[in-house]
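Keep in mind that the numbers below use all heavy atoms, side chains included, and drop hydrogens, waters and symmetry copies. Proteins get letters first, then strands, A, B, ... in listed order; numbering begins at 1 in each.
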Protein chains: 2
Amino acid sequence: MAVGPDEDTRARSGGDEVEAPVRTDAPWFARPEPKPLLRTERIVEAAHALVHAGGRDALSIRDLERVLGVGASAIYRRVGNKDQLLIAVTDLVLSQAELPPQTMPWNDALWQLSLALHHALKEHPHVHPILDSHVLATPATARLACCAIEILGRAGLKGDELGDAYNGWIGYVLGFSIIENLPAQPVDERDEMRRWIHAYVDRLDADAFPSVLASRASVLNTTFGLRWDAGIFGARGGSFRWGLTAVIDRIANRGPRAG
Amino acid sequence: MAVGPDEDTRARSGGDEVEAPVRTDAPWFARPEPKPLLRTERIVEAAHALVHAGGRDALSIRDLERVLGVGASAIYRRVGNKDQLLIAVTDLVLSQAELPPQTMPWNDALWQLSLALHHALKEHPHVHPILDSHVLATPATARLACCAIEILGRAGLKGDELGDAYNGWIGYVLGFSIIENLPAQPVDERDEMRRWIHAYVDRLDADAFPSVLASRASVLNTTFGLRWDAGIFGARGGSFRWGLTAVIDRIANRGPRAG
DNA sequence: ACCTGAACACCGTTCAAGT
DNA sequence: ACCTGAACACCGTTCAAGT
(Lines give C-alpha, C1' and ligand atoms only; values in the text may rest on other atoms or scores of the structure.)
Protein backbone atom coordinates (compact mmCIF):
# COMPACT_ATOMS: atom_id res chain seq x y z
CA MET A 1 0.00 0.00 0.00
CA ALA A 2 2.89 2.37 -0.64
CA VAL A 3 1.94 5.62 -2.27
CA GLY A 4 3.57 6.05 -5.64
CA PRO A 5 5.55 9.25 -6.26
CA ASP A 6 3.57 10.02 -9.37
CA GLU A 7 2.32 13.54 -9.87
CA ASP A 8 1.25 14.33 -13.38
CA THR A 9 -1.32 16.38 -15.18
CA ARG A 10 -2.09 14.81 -18.48
CA ALA A 11 -5.78 14.49 -19.09
CA ARG A 12 -7.33 11.13 -19.72
CA SER A 13 -8.22 10.91 -23.39
CA GLY A 14 -11.84 10.16 -24.24
CA GLY A 15 -13.30 8.77 -27.44
CA ASP A 16 -15.31 11.18 -29.58
CA GLU A 17 -18.23 8.83 -30.03
CA VAL A 18 -19.74 9.44 -26.58
CA GLU A 19 -21.24 12.86 -25.91
CA ALA A 20 -20.37 14.06 -22.42
CA PRO A 21 -23.10 15.84 -20.41
CA VAL A 22 -22.77 19.64 -20.64
CA ARG A 23 -21.39 21.27 -17.50
CA THR A 24 -23.16 24.42 -16.44
CA ASP A 25 -21.16 24.96 -13.27
CA ALA A 26 -18.25 26.33 -15.30
CA PRO A 27 -17.94 28.62 -18.36
CA TRP A 28 -18.69 27.06 -21.73
CA PHE A 29 -15.05 27.37 -22.77
CA ALA A 30 -13.73 25.52 -19.70
CA ARG A 31 -11.77 22.37 -20.49
CA PRO A 32 -12.35 19.33 -18.25
CA GLU A 33 -10.06 19.47 -15.24
CA PRO A 34 -6.94 17.36 -15.68
CA LYS A 35 -7.29 14.34 -13.44
CA PRO A 36 -4.61 13.91 -10.82
CA LEU A 37 -3.01 10.54 -11.28
CA LEU A 38 -4.26 7.71 -9.16
CA ARG A 39 -2.73 7.55 -5.68
CA THR A 40 -3.62 5.09 -2.96
CA GLU A 41 -4.79 7.93 -0.75
CA ARG A 42 -7.35 8.97 -3.38
CA ILE A 43 -8.63 5.42 -3.66
CA VAL A 44 -9.11 5.09 0.10
CA GLU A 45 -10.85 8.44 0.35
CA ALA A 46 -13.19 7.61 -2.49
CA ALA A 47 -13.92 4.24 -0.93
CA HIS A 48 -14.60 5.94 2.40
CA ALA A 49 -17.05 8.30 0.73
CA LEU A 50 -18.92 5.42 -0.88
CA VAL A 51 -19.02 3.39 2.34
CA HIS A 52 -20.09 6.44 4.32
CA ALA A 53 -22.91 7.17 1.92
CA GLY A 54 -24.34 3.73 1.54
CA GLY A 55 -22.77 1.24 3.91
CA ARG A 56 -20.43 -1.63 3.36
CA ASP A 57 -22.34 -3.23 0.51
CA ALA A 58 -22.51 0.08 -1.35
CA LEU A 59 -18.81 -0.11 -2.02
CA SER A 60 -18.12 -1.91 -5.25
CA ILE A 61 -14.98 -1.83 -7.31
CA ARG A 62 -17.15 -1.05 -10.30
CA ASP A 63 -18.43 2.11 -8.61
CA LEU A 64 -14.90 3.04 -7.65
CA GLU A 65 -13.92 2.71 -11.29
CA ARG A 66 -16.66 5.14 -12.21
CA VAL A 67 -15.92 7.64 -9.42
CA LEU A 68 -12.18 7.63 -9.98
CA GLY A 69 -12.42 7.41 -13.75
CA VAL A 70 -9.98 4.52 -14.05
CA GLY A 71 -10.12 0.83 -14.83
CA ALA A 72 -10.21 -1.90 -12.22
CA SER A 73 -6.64 -2.97 -12.84
CA ALA A 74 -5.39 0.50 -11.96
CA ILE A 75 -7.04 0.07 -8.56
CA TYR A 76 -5.81 -3.48 -8.01
CA ARG A 77 -2.27 -2.34 -8.68
CA ARG A 78 -2.41 -0.46 -5.33
CA VAL A 79 -4.74 -2.27 -2.96
CA GLY A 80 -4.53 -6.02 -3.36
CA ASN A 81 -8.20 -6.70 -2.79
CA LYS A 82 -11.46 -5.28 -1.53
CA ASP A 83 -10.97 -6.47 2.05
CA GLN A 84 -7.72 -4.58 2.39
CA LEU A 85 -9.40 -1.52 1.00
CA LEU A 86 -12.07 -1.79 3.69
CA ILE A 87 -9.38 -2.13 6.34
CA ALA A 88 -7.71 1.01 5.01
CA VAL A 89 -11.03 2.84 5.28
CA THR A 90 -11.44 1.73 8.89
CA ASP A 91 -7.90 2.84 9.68
CA LEU A 92 -8.74 6.23 8.26
CA VAL A 93 -11.80 6.54 10.50
CA LEU A 94 -10.02 5.40 13.65
CA SER A 95 -7.07 7.70 13.03
CA GLN A 96 -9.44 10.60 13.65
CA ALA A 97 -10.07 9.71 17.30
CA GLU A 98 -8.32 12.21 19.56
CA LEU A 99 -6.03 10.86 22.27
CA PRO A 100 -5.98 12.38 25.78
CA PRO A 101 -2.76 14.09 26.88
CA GLN A 102 -0.33 11.89 28.79
CA THR A 103 -0.35 14.19 31.79
CA MET A 104 -4.03 13.58 32.54
CA PRO A 105 -4.96 11.40 35.57
CA TRP A 106 -5.68 7.84 34.47
CA ASN A 107 -9.41 7.78 35.11
CA ASP A 108 -10.09 11.09 33.35
CA ALA A 109 -7.92 9.92 30.47
CA LEU A 110 -9.77 6.62 30.20
CA TRP A 111 -13.12 8.39 30.19
CA GLN A 112 -11.95 10.73 27.47
CA LEU A 113 -10.44 8.01 25.31
CA SER A 114 -13.54 5.84 25.67
CA LEU A 115 -15.84 8.66 24.68
CA ALA A 116 -13.62 9.59 21.72
CA LEU A 117 -13.68 6.03 20.45
CA HIS A 118 -17.41 5.73 21.04
CA HIS A 119 -17.94 8.99 19.18
CA ALA A 120 -15.80 7.99 16.19
CA LEU A 121 -17.69 4.72 15.84
CA LYS A 122 -21.02 6.46 16.21
CA GLU A 123 -20.13 8.82 13.39
CA HIS A 124 -19.07 5.98 11.13
CA PRO A 125 -21.38 3.02 11.69
CA HIS A 126 -20.52 1.70 8.26
CA VAL A 127 -17.16 0.42 9.42
CA HIS A 128 -18.66 -1.80 12.14
CA PRO A 129 -19.07 -4.82 9.89
CA ILE A 130 -15.40 -4.45 8.99
CA LEU A 131 -14.33 -4.25 12.63
CA ASP A 132 -15.82 -7.60 13.42
CA SER A 133 -14.88 -9.58 10.39
CA HIS A 134 -11.27 -8.52 9.94
CA VAL A 135 -8.18 -8.56 12.06
CA LEU A 136 -6.96 -5.01 12.22
CA ALA A 137 -3.29 -4.30 12.58
CA THR A 138 -2.87 -0.76 11.36
CA PRO A 139 -1.17 2.40 12.58
CA ALA A 140 -4.42 3.77 13.94
CA THR A 141 -5.37 0.67 15.95
CA ALA A 142 -1.89 0.21 17.37
CA ARG A 143 -1.82 3.86 18.39
CA LEU A 144 -5.14 3.56 20.22
CA ALA A 145 -4.17 0.31 21.92
CA CYS A 146 -0.85 1.63 23.14
CA CYS A 147 -2.49 4.75 24.51
CA ALA A 148 -5.07 2.70 26.42
CA ILE A 149 -2.48 0.33 27.82
CA GLU A 150 -0.39 3.21 29.10
CA ILE A 151 -3.42 4.62 30.87
CA LEU A 152 -4.06 1.28 32.55
CA GLY A 153 -0.39 1.20 33.52
CA ARG A 154 -0.77 4.60 35.17
CA ALA A 155 -3.70 3.08 37.10
CA GLY A 156 -1.26 0.56 38.55
CA LEU A 157 -2.05 -2.51 36.45
CA LYS A 158 0.53 -4.76 34.85
CA GLY A 159 1.01 -8.19 33.28
CA ASP A 160 -1.99 -10.47 32.88
CA GLU A 161 -4.17 -8.31 35.07
CA LEU A 162 -3.51 -5.46 32.68
CA GLY A 163 -4.35 -7.77 29.79
CA ASP A 164 -7.72 -8.74 31.27
CA ALA A 165 -8.60 -5.15 32.06
CA TYR A 166 -7.62 -4.04 28.60
CA ASN A 167 -9.67 -6.75 26.92
CA GLY A 168 -12.65 -6.10 29.18
CA TRP A 169 -12.47 -2.39 28.47
CA ILE A 170 -11.99 -2.61 24.70
CA GLY A 171 -14.60 -5.39 24.50
CA TYR A 172 -17.10 -3.13 26.19
CA VAL A 173 -16.31 0.07 24.30
CA LEU A 174 -16.05 -1.46 20.86
CA GLY A 175 -18.78 -4.00 21.47
CA PHE A 176 -21.30 -1.55 22.87
CA SER A 177 -20.57 0.93 20.08
CA ILE A 178 -20.97 -1.69 17.40
CA ILE A 179 -24.15 -3.05 18.88
CA GLU A 180 -25.62 0.37 19.52
CA ASN A 181 -25.76 1.71 15.99
CA LEU A 182 -27.47 -0.26 13.34
CA PRO A 183 -27.92 0.69 9.72
CA ALA A 184 -31.22 2.39 9.07
CA GLN A 185 -34.09 0.14 8.15
CA PRO A 186 -36.74 0.59 5.51
CA VAL A 187 -39.72 2.29 7.15
CA ASP A 188 -42.31 -0.38 6.44
CA GLU A 189 -40.05 -3.16 7.72
CA ARG A 190 -39.44 -1.09 10.82
CA ASP A 191 -43.13 -0.67 11.50
CA GLU A 192 -43.84 -4.33 10.99
CA MET A 193 -41.09 -5.22 13.45
CA ARG A 194 -42.35 -2.73 15.99
CA ARG A 195 -45.80 -4.29 15.85
CA TRP A 196 -44.29 -7.73 16.31
CA ILE A 197 -42.38 -6.63 19.42
CA HIS A 198 -45.38 -4.95 21.00
CA ALA A 199 -47.53 -7.98 20.33
CA TYR A 200 -44.87 -10.20 21.85
CA VAL A 201 -44.67 -8.21 25.07
CA ASP A 202 -48.44 -7.86 25.33
CA ARG A 203 -48.87 -11.60 25.10
CA LEU A 204 -46.42 -12.34 27.95
CA ASP A 205 -47.65 -14.15 31.05
CA ALA A 206 -47.93 -11.52 33.78
CA ASP A 207 -46.88 -13.99 36.47
CA ALA A 208 -43.75 -15.14 34.66
CA PHE A 209 -42.61 -11.73 33.42
CA PRO A 210 -43.66 -9.12 35.98
CA SER A 211 -40.55 -6.96 35.52
CA VAL A 212 -40.82 -6.74 31.77
CA LEU A 213 -44.41 -5.58 32.12
CA ALA A 214 -43.70 -3.24 35.05
CA SER A 215 -40.96 -1.48 33.06
CA ARG A 216 -42.86 -1.86 29.82
CA ALA A 217 -42.29 1.66 28.51
CA SER A 218 -38.59 1.61 29.23
CA VAL A 219 -38.20 -1.86 27.79
CA LEU A 220 -40.01 -1.02 24.57
CA ASN A 221 -38.58 2.43 24.04
CA THR A 222 -35.00 2.35 25.10
CA THR A 223 -33.44 -1.06 25.48
CA PHE A 224 -31.51 -2.92 22.88
CA GLY A 225 -33.46 -6.06 23.30
CA LEU A 226 -31.07 -8.49 21.88
CA ARG A 227 -30.70 -5.88 19.15
CA TRP A 228 -34.37 -6.24 18.74
CA ASP A 229 -35.24 -2.62 18.27
CA ALA A 230 -31.96 -0.76 18.32
CA GLY A 231 -32.63 0.23 14.75
CA ILE A 232 -35.90 1.75 15.80
CA PHE A 233 -35.18 3.58 19.01
CA GLY A 234 -31.46 3.39 19.67
CA ALA A 235 -30.13 3.11 23.20
CA ARG A 236 -30.62 5.63 25.97
CA GLY A 237 -27.67 8.00 25.88
CA GLY A 238 -26.83 7.08 29.45
CA SER A 239 -26.43 3.37 28.86
CA PHE A 240 -22.90 3.62 27.48
CA ARG A 241 -21.80 5.58 30.52
CA TRP A 242 -23.51 3.12 32.84
CA GLY A 243 -21.32 0.26 31.66
CA LEU A 244 -18.22 2.40 31.38
CA THR A 245 -18.66 3.35 35.02
CA ALA A 246 -18.76 -0.33 35.86
CA VAL A 247 -15.51 -1.00 34.03
CA ILE A 248 -13.66 1.99 35.45
CA ASP A 249 -14.85 1.25 38.99
CA ARG A 250 -13.52 -2.26 38.63
CA ILE A 251 -10.11 -0.91 37.63
CA ALA A 252 -10.04 1.48 40.56
CA ASN A 253 -11.13 -1.12 43.14
CA ARG A 254 -9.51 -4.16 41.71
CA GLY A 255 -9.18 -7.69 42.93
CA PRO A 256 -11.39 -10.74 42.30
CA ARG A 257 -15.04 -10.29 43.16
CA ALA A 258 -18.63 -11.02 42.21
CA GLY A 259 -18.07 -14.62 41.03
CA MET B 1 -41.77 -17.54 6.83
CA ALA B 2 -44.63 -19.87 7.62
CA VAL B 3 -43.98 -23.54 7.07
CA GLY B 4 -46.21 -25.01 4.45
CA PRO B 5 -48.25 -28.10 5.35
CA ASP B 6 -46.84 -30.03 2.42
CA GLU B 7 -45.68 -33.56 3.03
CA ASP B 8 -45.25 -35.61 -0.09
CA THR B 9 -42.96 -38.26 -1.47
CA ARG B 10 -42.83 -38.02 -5.21
CA ALA B 11 -39.28 -38.08 -6.49
CA ARG B 12 -37.96 -35.21 -8.53
CA SER B 13 -37.88 -36.32 -12.13
CA GLY B 14 -34.55 -36.10 -13.91
CA GLY B 15 -33.81 -36.03 -17.61
CA ASP B 16 -32.22 -39.13 -19.11
CA GLU B 17 -29.50 -37.23 -20.92
CA VAL B 18 -27.27 -36.63 -17.86
CA GLU B 19 -25.56 -39.70 -16.36
CA ALA B 20 -25.63 -39.55 -12.55
CA PRO B 21 -22.48 -40.65 -10.66
CA VAL B 22 -22.74 -44.27 -9.46
CA ARG B 23 -23.41 -44.66 -5.74
CA THR B 24 -21.38 -47.32 -4.00
CA ASP B 25 -22.68 -46.58 -0.52
CA ALA B 26 -25.89 -48.46 -1.30
CA PRO B 27 -26.76 -51.67 -3.22
CA TRP B 28 -26.79 -51.40 -7.01
CA PHE B 29 -30.53 -51.93 -7.10
CA ALA B 30 -31.23 -49.04 -4.71
CA ARG B 31 -33.40 -46.30 -6.14
CA PRO B 32 -32.49 -42.69 -5.28
CA GLU B 33 -34.15 -41.64 -2.03
CA PRO B 34 -37.32 -39.68 -2.61
CA LYS B 35 -36.58 -36.07 -1.68
CA PRO B 36 -38.72 -34.66 1.10
CA LEU B 37 -40.50 -31.65 -0.21
CA LEU B 38 -38.95 -28.29 0.49
CA ARG B 39 -39.88 -26.85 3.83
CA THR B 40 -38.62 -23.59 5.33
CA GLU B 41 -37.02 -25.49 8.17
CA ARG B 42 -34.92 -27.49 5.73
CA ILE B 43 -33.78 -24.31 3.97
CA VAL B 44 -32.72 -22.69 7.23
CA GLU B 45 -30.86 -25.78 8.36
CA ALA B 46 -29.04 -26.10 5.08
CA ALA B 47 -28.15 -22.42 5.21
CA HIS B 48 -26.91 -22.86 8.76
CA ALA B 49 -24.69 -25.72 7.67
CA LEU B 50 -23.17 -23.67 4.87
CA VAL B 51 -22.60 -20.63 7.08
CA HIS B 52 -21.15 -22.82 9.82
CA ALA B 53 -18.74 -24.43 7.41
CA GLY B 54 -17.47 -21.40 5.61
CA GLY B 55 -18.72 -18.18 7.14
CA ARG B 56 -21.18 -15.61 6.02
CA ASP B 57 -19.83 -15.20 2.51
CA ALA B 58 -19.86 -18.97 1.95
CA LEU B 59 -23.62 -18.90 1.85
CA SER B 60 -24.88 -18.35 -1.63
CA ILE B 61 -28.30 -19.04 -2.99
CA ARG B 62 -26.62 -20.92 -5.83
CA ASP B 63 -25.01 -23.32 -3.33
CA LEU B 64 -28.32 -23.72 -1.57
CA GLU B 65 -29.89 -24.69 -4.87
CA ARG B 66 -27.27 -27.39 -5.28
CA VAL B 67 -27.48 -28.69 -1.72
CA LEU B 68 -31.27 -28.77 -1.65
CA GLY B 69 -31.65 -29.92 -5.24
CA VAL B 70 -34.15 -27.20 -6.13
CA GLY B 71 -34.23 -24.05 -8.17
CA ALA B 72 -33.78 -20.58 -6.76
CA SER B 73 -37.44 -19.69 -7.16
CA ALA B 74 -38.42 -22.57 -4.91
CA ILE B 75 -36.29 -21.01 -2.19
CA TYR B 76 -37.52 -17.47 -2.76
CA ARG B 77 -41.06 -18.65 -2.39
CA ARG B 78 -40.35 -19.22 1.33
CA VAL B 79 -37.72 -16.77 2.49
CA GLY B 80 -38.09 -13.40 0.80
CA ASN B 81 -34.38 -12.68 0.52
CA LYS B 82 -30.92 -13.66 1.67
CA ASP B 83 -30.85 -11.27 4.62
CA GLN B 84 -33.96 -12.79 6.11
CA LEU B 85 -32.45 -16.20 5.65
CA LEU B 86 -29.39 -15.10 7.60
CA ILE B 87 -31.62 -13.74 10.36
CA ALA B 88 -33.40 -17.09 10.52
CA VAL B 89 -30.02 -18.82 10.88
CA THR B 90 -29.07 -16.51 13.75
CA ASP B 91 -32.40 -17.16 15.43
CA LEU B 92 -31.70 -20.87 15.21
CA VAL B 93 -28.30 -20.45 16.88
CA LEU B 94 -29.59 -18.21 19.66
CA SER B 95 -32.52 -20.49 20.39
CA GLN B 96 -30.00 -23.05 21.59
CA ALA B 97 -28.79 -20.95 24.54
CA GLU B 98 -30.10 -22.46 27.77
CA LEU B 99 -31.95 -20.18 30.17
CA PRO B 100 -31.38 -20.35 33.95
CA PRO B 101 -34.33 -21.48 36.11
CA GLN B 102 -36.47 -18.69 37.47
CA THR B 103 -35.88 -19.77 41.06
CA MET B 104 -32.16 -19.03 40.93
CA PRO B 105 -30.83 -15.93 42.79
CA TRP B 106 -30.39 -13.03 40.41
CA ASN B 107 -26.61 -12.87 40.39
CA ASP B 108 -26.12 -16.60 39.81
CA ALA B 109 -28.77 -16.45 37.09
CA LEU B 110 -27.10 -13.51 35.38
CA TRP B 111 -23.74 -15.27 35.43
CA GLN B 112 -25.28 -18.39 33.95
CA LEU B 113 -27.20 -16.56 31.25
CA SER B 114 -24.15 -14.50 30.33
CA LEU B 115 -21.95 -17.55 30.01
CA ALA B 116 -24.59 -19.42 27.99
CA LEU B 117 -24.86 -16.53 25.55
CA HIS B 118 -21.10 -16.16 25.37
CA HIS B 119 -20.77 -19.86 24.72
CA ALA B 120 -23.38 -19.93 21.97
CA LEU B 121 -21.70 -17.05 20.18
CA LYS B 122 -18.29 -18.63 20.59
CA GLU B 123 -19.55 -21.81 18.96
CA HIS B 124 -21.07 -19.94 16.06
CA PRO B 125 -18.80 -17.03 15.16
CA HIS B 126 -20.24 -16.97 11.66
CA VAL B 127 -23.40 -15.27 12.83
CA HIS B 128 -21.54 -12.29 14.31
CA PRO B 129 -21.59 -10.29 11.09
CA ILE B 130 -25.33 -10.84 10.99
CA LEU B 131 -25.80 -9.70 14.59
CA ASP B 132 -24.28 -6.33 13.92
CA SER B 133 -25.76 -5.53 10.58
CA HIS B 134 -29.37 -6.55 11.12
CA VAL B 135 -32.07 -5.67 13.53
CA LEU B 136 -33.14 -8.90 15.13
CA ALA B 137 -36.70 -9.32 16.33
CA THR B 138 -37.18 -13.04 16.53
CA PRO B 139 -38.57 -15.51 19.06
CA ALA B 140 -35.08 -16.41 20.26
CA THR B 141 -33.92 -12.84 20.85
CA ALA B 142 -37.14 -11.81 22.57
CA ARG B 143 -36.93 -14.87 24.80
CA LEU B 144 -33.37 -14.04 25.86
CA ALA B 145 -34.14 -10.37 26.44
CA CYS B 146 -37.20 -11.09 28.56
CA CYS B 147 -35.25 -13.57 30.66
CA ALA B 148 -32.46 -11.05 31.29
CA ILE B 149 -34.86 -8.26 32.15
CA GLU B 150 -36.63 -10.46 34.69
CA ILE B 151 -33.29 -11.23 36.32
CA LEU B 152 -32.51 -7.51 36.58
CA GLY B 153 -35.95 -7.02 38.05
CA ARG B 154 -35.20 -9.62 40.71
CA ALA B 155 -32.05 -7.60 41.48
CA GLY B 156 -34.30 -4.67 42.32
CA LEU B 157 -33.95 -2.56 39.19
CA LYS B 158 -36.82 -0.93 37.35
CA GLY B 159 -37.64 1.75 34.78
CA ASP B 160 -34.83 3.64 33.09
CA GLU B 161 -32.26 2.32 35.53
CA LEU B 162 -33.21 -1.17 34.42
CA GLY B 163 -32.93 -0.05 30.83
CA ASP B 164 -29.39 1.28 31.28
CA ALA B 165 -28.28 -1.82 33.14
CA TYR B 166 -29.78 -4.06 30.48
CA ASN B 167 -28.11 -2.16 27.65
CA GLY B 168 -24.80 -2.07 29.47
CA TRP B 169 -24.98 -5.79 30.15
CA ILE B 170 -26.07 -6.89 26.69
CA GLY B 171 -23.62 -4.45 25.10
CA TYR B 172 -20.82 -6.04 27.03
CA VAL B 173 -21.80 -9.68 26.55
CA LEU B 174 -22.67 -9.46 22.87
CA GLY B 175 -19.97 -6.95 22.08
CA PHE B 176 -17.18 -8.81 23.81
CA SER B 177 -18.26 -12.11 22.26
CA ILE B 178 -18.38 -10.63 18.79
CA ILE B 179 -15.03 -8.92 19.16
CA GLU B 180 -13.39 -11.94 20.72
CA ASN B 181 -13.77 -14.44 17.92
CA LEU B 182 -12.56 -13.59 14.50
CA PRO B 183 -12.63 -15.69 11.39
CA ALA B 184 -9.43 -17.62 10.88
CA GLN B 185 -6.81 -15.92 8.76
CA PRO B 186 -4.63 -17.36 6.05
CA VAL B 187 -1.38 -18.46 7.67
CA ASP B 188 0.97 -16.27 5.65
CA GLU B 189 -1.14 -13.17 6.23
CA ARG B 190 -1.17 -14.02 9.91
CA ASP B 191 2.60 -14.27 10.10
CA GLU B 192 3.08 -11.05 8.23
CA MET B 193 0.75 -9.27 10.60
CA ARG B 194 2.46 -10.75 13.64
CA ARG B 195 5.79 -9.44 12.39
CA TRP B 196 4.27 -6.01 11.86
CA ILE B 197 2.92 -5.91 15.41
CA HIS B 198 6.20 -7.01 16.97
CA ALA B 199 8.12 -4.46 14.96
CA TYR B 200 5.67 -1.76 16.02
CA VAL B 201 6.06 -2.52 19.71
CA ASP B 202 9.83 -2.86 19.46
CA ARG B 203 10.09 0.56 17.87
CA LEU B 204 8.13 2.30 20.63
CA ASP B 205 9.78 5.04 22.65
CA ALA B 206 10.59 3.53 26.07
CA ASP B 207 9.92 6.81 27.85
CA ALA B 208 6.52 7.36 26.28
CA PHE B 209 5.26 3.76 26.51
CA PRO B 210 6.79 2.19 29.63
CA SER B 211 3.71 0.08 30.47
CA VAL B 212 3.37 -1.44 27.02
CA LEU B 213 7.01 -2.52 27.19
CA ALA B 214 6.86 -3.66 30.82
CA SER B 215 3.88 -5.91 30.04
CA ARG B 216 5.22 -6.76 26.62
CA ALA B 217 4.53 -10.50 26.76
CA SER B 218 0.99 -10.08 27.99
CA VAL B 219 0.28 -7.33 25.52
CA LEU B 220 1.59 -9.29 22.55
CA ASN B 221 0.14 -12.65 23.48
CA THR B 222 -3.23 -12.08 24.97
CA THR B 223 -4.80 -8.69 24.43
CA PHE B 224 -7.17 -7.75 21.71
CA GLY B 225 -5.27 -4.73 20.70
CA LEU B 226 -7.95 -2.95 18.86
CA ARG B 227 -8.62 -6.37 17.38
CA TRP B 228 -5.04 -6.27 16.31
CA ASP B 229 -4.17 -9.88 16.95
CA ALA B 230 -7.35 -11.48 18.17
CA GLY B 231 -7.27 -13.70 15.14
CA ILE B 232 -3.82 -14.87 16.10
CA PHE B 233 -3.95 -15.45 19.83
CA GLY B 234 -7.49 -14.88 20.95
CA ALA B 235 -8.24 -13.31 24.31
CA ARG B 236 -7.24 -14.70 27.68
CA GLY B 237 -10.07 -16.88 28.92
CA GLY B 238 -10.36 -14.74 32.03
CA SER B 239 -10.98 -11.46 30.25
CA PHE B 240 -14.67 -12.10 29.65
CA ARG B 241 -15.20 -12.82 33.33
CA TRP B 242 -13.21 -9.74 34.31
CA GLY B 243 -15.64 -7.41 32.58
CA LEU B 244 -18.68 -9.41 33.60
CA THR B 245 -17.62 -9.03 37.21
CA ALA B 246 -17.49 -5.29 36.67
CA VAL B 247 -21.01 -5.22 35.28
CA ILE B 248 -22.53 -7.45 37.94
CA ASP B 249 -20.81 -5.55 40.74
CA ARG B 250 -22.28 -2.36 39.39
CA ILE B 251 -25.76 -3.86 39.50
CA ALA B 252 -25.28 -5.05 43.07
CA ASN B 253 -23.85 -1.75 44.35
CA ARG B 254 -25.79 0.62 42.22
CA GLY B 255 -26.01 4.38 42.13
CA PRO B 256 -24.01 6.91 40.11
CA ARG B 257 -20.26 6.69 40.51
CA ALA B 258 -16.89 6.92 38.78
CA GLY B 259 -17.69 9.91 36.56
C1' DA C 1 -50.01 -24.08 -5.99
C1' DC C 2 -45.56 -25.08 -6.69
C1' DC C 3 -41.74 -25.71 -9.31
C1' DT C 4 -38.15 -25.33 -13.47
C1' DG C 5 -35.03 -23.09 -16.72
C1' DA C 6 -33.46 -19.18 -18.33
C1' DA C 7 -32.64 -14.65 -18.02
C1' DC C 8 -31.25 -9.89 -16.00
C1' DA C 9 -28.24 -6.93 -14.00
C1' DC C 10 -24.83 -7.06 -11.46
C1' DC C 11 -20.29 -8.56 -8.78
C1' DG C 12 -14.50 -9.20 -7.63
C1' DT C 13 -10.54 -10.21 -10.00
C1' DT C 14 -7.29 -11.21 -13.77
C1' DC C 15 -5.00 -11.01 -18.19
C1' DA C 16 -3.36 -9.81 -22.67
C1' DA C 17 -2.47 -5.85 -25.00
C1' DG C 18 -1.26 -1.14 -25.44
C1' DT C 19 1.81 3.29 -24.45
C1' DA D 1 5.82 1.19 -15.32
C1' DC D 2 1.28 2.00 -15.60
C1' DC D 3 -2.88 1.80 -17.67
C1' DT D 4 -7.12 0.03 -20.76
C1' DG D 5 -10.63 -3.12 -22.43
C1' DA D 6 -12.33 -7.32 -22.30
C1' DA D 7 -12.94 -11.41 -20.27
C1' DC D 8 -13.84 -15.12 -16.50
C1' DA D 9 -16.42 -17.08 -13.11
C1' DC D 10 -19.35 -15.94 -10.25
C1' DC D 11 -23.45 -13.45 -7.60
C1' DG D 12 -29.00 -12.28 -5.83
C1' DT D 13 -33.31 -12.04 -7.73
C1' DT D 14 -37.16 -12.35 -11.06
C1' DC D 15 -40.14 -14.04 -14.67
C1' DA D 16 -42.43 -16.69 -18.12
C1' DA D 17 -43.56 -21.19 -18.72
C1' DG D 18 -44.71 -25.72 -17.28
C1' DT D 19 -47.48 -29.39 -14.30
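The distance from atom SG of A:Cys147 to atom CG of A:Leu113, rounded to the nearest 0.5 Å, is 5.0 Å.
Taking atom CG on B:Asp57 and atom P on D:dG12, their separation rounds to 10 Å, with Å as the unit. Taking atom CZ of residue A:Arg56 and atom P of nucleotide C:dG12, one finds them 10 Å apart after rounding to whole Å. The nearest whole Å value for the distance from the OH atom in B:Tyr76 to the C1' atom in C:dC2 is 17 Å. Counting to the nearest Å, the C1' atom of C:dG12 and the CG atom of A:Leu85 are 12 Å from each other. If you measure from atom CD1 of B:Ile75 to atom P of D:dG12, you get 10 Å, rounded to the nearest angstrom. Taking atom CD1 of B:Ile61 as the reference point, atom P of C:dC11 lies 18 Å away to the nearest angstrom. C:dT13 atom P lies 12 Å from atom CD of A:Glu65, rounded to whole Å. The distance from atom CG of B:Leu68 to atom C1' of C:dT4 is 15 Å, rounded to the nearest whole Å.
When the C1' atom is used for both D:dA7 and C:dC11, the distance is 14 Å, rounded to whole Å.
Position along DNA chain C of the nearest nucleotide to B:Ala72 versus A:Ala72 favours B:Ala72 as the more 5'-ward residue. Position along DNA chain D of the nearest nucleotide to A:Arg77 versus B:Arg62 favours A:Arg77 as the more 5'-ward residue.
The aromatic ring centroids of B:His126 and B:His48 lie 6.0 Å or more from each other.
Picking from C:dT4, D:dT13, D:dC3 the nucleotide with the shortest atom distance to the side chain of B:Asn81 gives D:dT13. Closest approach to the A:Lys82 side chain among C:dG12, C:dT4, D:dC2 is made by C:dG12 (side chain taken as heavy atoms from C-beta onward).
Looking at every heavy atom in both residues, B:Ile61 comes nearest to B:Ala72 through CG2-CB, 4.3 Å. Contact record, A:Val212 with A:Val219: O-CG2, 4.1 Å, taken as the closest heavy-atom pair. The nearest pair of heavy atoms linking B:Tyr76 to B:Asn81 is CE2-CA, 3.9 Å. The minimum heavy-atom distance linking A:Tyr172 with B:Gly168 is given by the pair CE1-O, 3.7 Å.
Pairs of Watson-Crick or G-U wobble type, with distances under 3.5 Å, assemble into runs of 3 or more in DNA chain D at these ranges: C:4-8 with D:12-16, C:12-16 with D:4-8.
For C:dC15, its base sits under 3.5 Å from the side chain of A:Ser73 at one donor and acceptor pair at least. No donor-acceptor contact under 3.5 Å links the side chain of B:Ser60 to the base of D:dG12.
Within 4.0 Å (heavy atoms only), A:Leu59 reaches sugar-phosphate atoms of the nucleic acid but no base atom.
For the residue pair B:Gln84/B:His134, the side-chain donor-acceptor check at 3.5 Å is not satisfied.
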